[in-house]
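Since the structure comes first, as structure tokens, the remarks are kept for the end.
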Amino acid sequence: MNRGFTWFNGVSLVLGFGFLYLPILLLIVYSFNESKLVTVWAGFSTKWYGALLENQGLLDAAWVTFRVAFVSSTVATILGLVAGLMLSRFGAFRGRVLFSGMIYAPLVMPEVITGLSLLLMFVAISFDRGFVTVTIAHITFSMCYVAVVVQSRLISFDRSIEEAAMDLGCPPGRTFLLITLPVIMPAIVSGWLLSFTLSLDDLVIASFTTGPGATTLPMKIYSQVRLGVTPEINAVSTILVGIVAVGVVIASVLAKRDEARRAQDERLAAAAP
Amino acid sequence: MADPQSNPVAYVSGRAATQGRVSGLHARFMLFAPYRWFHGMLSRTGLSSRTLVIMVPYLWLLMFFLAPFLIVLKISFSEVLIARPPYSALFEMVDDTYLQLRLNLENYLLLLEDDLYWKAYLSSIRIAAISTLITLLVGYPIAYAMARAPRQWRLTLLMAVILPFWTSFLIRVYAWIGILKKEGLMNLFLMKIGLIEQPLTLLNTDIAVFIGIVYSYLPFMVLPLYANLEKMDESLLEAASDLGCKPLKAFWKITLPLSIPGIVAGCFLVFIPAVGEFVIPDLLGGSDTLMIGKTLWAEFFNNRDWPLSSAVAVLLLLLLIVPIMIFQRVQQKQGGVG
């Protein structure tokens, strides 16, 4: 569909993206505000970033959040990869309906329910709440996202390459490592990144499943936000937005390079005698 | 290593040699008794290590997704106690002879009788439905323009829609507090251009909740719509215009009906999570903004009534299961994932 891009289309794009980006841009701009009052501009300053470094509670929370995000996204990627393979490759195994239901349900489940149910289970088995329980909770919902991403990549994947490898005498395990894994690598990487940001972002599930000494950054931000807007929170938010933006840009550049290299490989393979 | 282009077989086998350490690892591990024992157990029960690997995500979800739900269901039938844990047991041994099952329906009766909960459920649906409609009205022109944009822009535009989804939800909601509050940027702007004289009360109203939901879930609406509109067959519109159909009428008669699958997908993707939303109504809504996610949170964290909040969760799930099932069915019919 590419019939004449009208002024109406242009206006909707400008307004739409303005709506999407203006609030974040304003937040970033006011994090450099000299004044304590968030809406009065009193000159450029980076003092709120300096204040962050002295806020030990916030730094501790950031460290907890980062560790939870790293561990949970790594485990979730491995489990999600296996789950994605199961869904797309194993045909009708026993309990498949239940399994795919359990993969898709957490994606649409309200967070309050997921959080509450996990907490009640940890209480029921009298498991001490803290770092481990938050990580387990994050793995549980993240692995479902990874499974879906991996599965959709596997569906569009040309299986004849695998068959060719096996016809040439490559054992299944090795075929997986040499052919399948490299092809679905972009999906695995984006699954990991998605899990990482989901974990970094989560407030509700972490609030339910956490225990003493494992306050995450979103929980800290939330408790301060309820008291009002402060330039310090603007500064933390700006840093988080910056990290995510850099990560997404790097990931998309890598994906693009990978795509280009694969296209070149395919061209060369087609041209080979 | 051989040049991959000149000799692909040599290249693959060269790579394979380095990957051969997987089975080497197995051989080395066999030297350790626990691994050998485990391996023996597996081969005796007929479970291959492959099956075992497969079992892990399955067991994980059974343990951390399904089992917790059954526990919520169980606790929703128990009584609140001032104890640890703060609820009564469902099964009790009476005189060490028989097991007594005590189903306590009081929580559900309370939910039915006290109109606070009814209002919260209805108001969640109302707020989610209105926000979904606004999101559709805002998202459709954006998706439409993206689908009509020159081909070389589209990937960038797509990235630009996805990027906010990656940034923190909490931060995006927080950004609106500074804009919507009484001395906030919105009022400042409106007064400057002379549209209003007194600052409006925007924060802590339903309007703020609508804005928050539309803003947060806009990508969920735009992406399926764009995917649908982008695939649309242009020749249909050409045929319409050749036959003398005005562009606006052609849109109404052709584009809109054909994009219904995208509209349906987008609406469900916004509506379902919006019903159970907690952060947006809590931070942007007022004390009179009732939403069921907020009620559940308050019952749990403020009133410490675990059985009642479990019952609220069970009913919320029942409420959502109908739209979720419809959505799954629709997606499957369209050959999507599901």
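Just so we're on the same page: letters track the sequence lines, and every chain starts at 1.
With a 4.5 angstrom heavy-atom cutoff, B:Leu269 does not touch chain A via any of its atoms. Using a 4.5 Å cut-off between heavy atoms, B:Ser310 touches chain A through backbone and side chain atoms alike. In this structure, the portion of B:Trp60 lying under 4.5 Å from any heavy atom of chain A is its side chain and not its backbone. In this structure, chain A has no heavy atom under 4.5 Å from any part of B:Phe327. In this structure, chain B has no heavy atom under 4.5 Å from any part of A:Leu22. Heavy atoms of B:Ile162 lying under 4.5 Å from chain A are absent altogether. Within the 4.5 angstrom heavy-atom criterion, no atom of A:Ser126 approaches chain B. Of the two parts of A:Ala147, neither the backbone nor the side chain holds a non-hydrogen atom closer than 4.5 Å to a non-hydrogen atom of chain B. At a 4.5 Å heavy-atom cutoff, the contact between B:Val161 and chain A is made by backbone and side-chain atoms alike. A:Leu120 touches chain B through backbone and side chain together, each having a heavy atom under 4.5 Å away. With a 4.5 angstrom heavy-atom cutoff, A:Thr140 touches chain B via backbone and side-chain atoms both. Of the two parts of B:Phe169, the backbone and the side chain both hold a non-hydrogen atom closer than 4.5 Å to a non-hydrogen atom of chain A. Contact of A:Leu194 with chain B is made through backbone and side chain together, with heavy-atom distances under 4.5 Å. Neither the backbone nor the side chain of A:Ile243 has a heavy atom closer than 4.5 Å to any heavy atom of chain B. Heavy atoms closer than 4.5 Å to chain A are found in both the backbone and the side chain of B:Leu170. Contacts between A:Met143 and chain B at a heavy-atom distance below 4.5 Å involve the side chain alone, from C-beta outward.
The local environment of CZ in B:Phe301 is crowded, with over 12 non-hydrogen atoms from other residues, nucleotides or ligands closer than 6.0 Å.
Between B:Leu163 and A:Val249 the shortest side-chain heavy-atom distance does not fall below 4.5 Å. When side chains are defined from C-beta on, A:Val244 does not count as touching B:Ser168, because their heavy atoms never get closer than 4.5 Å. Looking only at side-chain heavy atoms (C-beta outward), A:Met121 and B:Phe69 stay at 4.5 Å or farther from each other. With contacts defined as side-chain heavy-atom distances shorter than 4.5 Å, the pair A:Ser207/B:Trp297 qualifies. The shortest side-chain heavy-atom distance between B:Leu320 and A:Pro110 falls under the 4.5 Å cut-off.
Listed for the A:Tyr21 side chain is a donor-acceptor partner under 3.5 Å among the backbone atoms of B:Ala160. A donor-acceptor pair is defined here as one N or O able to donate and one able to accept, closer than 3.5 Å; such a pair exists between the side chain of B:Tyr215 and the backbone of A:Leu20.
Closest approach of A:Cys144 and B:Leu61 over heavy atoms only: SG-CD2, 4.1 Å. Counting all heavy atoms, side chain and backbone alike, A:Val112 lies closest to B:Gly276 at CG2-O, 4.0 Å. In terms of heavy-atom proximity, B:Thr167 sits nearest to A:Asp201 at O-OD2, 4.4 Å.
Residues forming a side chain to side chain contact (heavy atoms under 4.5 Å, CB included) with B:Ala313 (at least two apart in sequence, or on another chain): A:Ile113, A:Leu116, B:Val72, B:Leu296.
Between A:Phe19 atom CZ and B:Ile142 atom CD1 the span is 8.0 Å, to the nearest 0.5 Å. Once rounded to the nearest 0.5 Å, the distance linking CD1 of A:Ile233 with CD1 of B:Ile171 reads 9.0 Å. Atoms CG and CD1, from A:Leu27 and B:Ile179 in turn, are 8.5 Å apart once rounded to the nearest 0.5 Å. To the nearest 0.5 Å, the span separating CZ on A:Phe122 from CZ on B:Phe64 amounts to 5.5 Å. Put simply, CZ on A:Arg226 and CD1 on B:Ile177 are 10.0 Å apart, with the number rounded to the nearest 0.5 Å. One finds the CD1 atom of A:Ile136 at 7.0 Å from the CE atom of B:Met63 (value rounded to the nearest 0.5 Å).
The distance between the ring centers of B:Phe300 and A:Phe208 falls below 6.0 angstrom.
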